Amino acid sequence: MSTQSPADIRIPTSLLPADGRFGCGPSKVRPEAVSALAAAAPGFLGTSHRQAGVRSVVGRLRKGLSTLFDLPDGYEVVLGNGGATCFWDVATFCLVGRRSQHLVFGEFSSKFAAAAGAAPHLDAPEVIESSPGTHPLPEARADVDLYALTHNETSTGVAMPIARPEAAPAGSLVAVDATSAAGGLRVDAGQTDAYYFAPQKCFASDGGLWVALLSPAAVDRVENLHRAGRWVPASLDLHIALENSRLDQTYNTPALATLFLFADQVEWMLANGGLEWAASRCDRSAEYLYGWAESSPYASPFVAKPAERSHVVGTIDLDASIDATAVTKALRANGILDTEPYRKLGRNQLRLAMFPAIDPEDVAALTRCVDHVIAALS
Ligand SMILES: *Cc1c(COP(=O)(O)O)cnc(C)c1O
């Protein structure tokens, strides 16, 4: 076959996935959810977030998440504006007592560590790091009052099991960045005190919002720091967010379309069988992707240990003889979007989301498209 320039490669329609969105966030939004939003729009979009119409959607969302994660008694669903990045600042003000420990194994996990390190009111955090493509484990310390874990490191495609560190001192908290994991990976919420995320990944909505599932111990921490008088900017104040969430509101104006799509996705998961169903769907996608890569002469999973390979974000290295940039360019020219690797990882790699909204059969189709493109390029 003759060599072609990437953008001129035409993938046969019969090979193409039904939906070409494989980005890790913003990620595929189900067309059915968009239609439901359009149908609900006249009485919903452009209405007050302090009135029953919008508050009922927030209420459905909070109740739906509580069911989806099978929250233990006393856990509360809290939400606010600003996305997961903003929640790191919230946690730095309202959840870390004096000192946190951070497991750093990629771009996202490093950012919370940096935020805690920069906070003048906290002791320097402990950072436990491992190289990209692996994950470290937490270590119990007498002087650490918050353990910061990341369920799925979106920049590398590594997932880690979520459990309280053995022998962690009583009263210490476990805070988990679950932005790309929540809704796609199984979790025992009882092993966490703040399981937080944003809705543009497994929840197939838009960005700009954060949600935290808070344990009674986390709520106590918030109350105690509030009583102790630590200064907190109001927009980052978890105490204020808690009070508003209990009324099915946010402190300031939220994006209503985001809330609607988020609630719709949670209810879609629940109607199909809940978190176990959603996670099984991601398992199937992962089987297709990693199975293909392992049997391919030129592709291989970036994450060496199968147990650490994420079922929601797949990273696939390509042989040095193939230019991954040309592959992603050809895919993009055929409507298959956002398969580029995380830029700072700097590898000859494809990265794609396998979130619950993405049909596993589309992941299988994508692997056949990659084979077609590589044959055409060689
Ligand atoms: C996407 C992502 C974030 C950032 O989320 P924003 O809502 O854009 O702030 C943080 N952590 C992880 C693990 C992510 O995947």
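Basis for what follows: all heavy atoms, side chains included, without hydrogens, waters or symmetry-related copies. Read the numbers this way: they start at 1 and go in the same order the structure lists the ligands and their atoms. Note that the structure is a prediction, hence the values are computed from the model and not measured.
- Applying the ring-ring contact (aromatic ring centres under 6.0 Å, His included) test to Phe260 and every residue at least two apart in sequence or in another chain returns Phe44.
- One finds no salt bridge joining Asp193 and Arg221 here, because no Lys/Arg side-chain nitrogen approaches an Asp/Glu carboxylate oxygen to under 4.0 Å.
- For Phe108 and Tyr342, the ring centers sit closer than 6.0 Å to each other.
- In terms of the ring-ring contact (aromatic ring centres under 6.0 Å, His included) criterion, His135 has no residue partners (sequence neighbours excluded).
- Pairs passing the salt bridge (charged side-chain N to carboxylate O under 4.0 Å, His left out) check and including a residue from residues 254-273, sequence neighbours excluded, read Arg30-Asp264, Arg60-Glu267.
- Taking the six-membered ring for Trp and thresholds of 30 and 60 degrees, Phe197 and Phe262 have ring planes more than 60 degrees apart, a perpendicular arrangement.
- Closer than 4.0 angstrom to ligand 1 by heavy atom are Gly83, Ala84, Thr85, Trp88, Phe108, Asn152, Thr154, Asp177, Thr179, Ser180, Ala198, Gln200, Lys201, sorted by chain and number.
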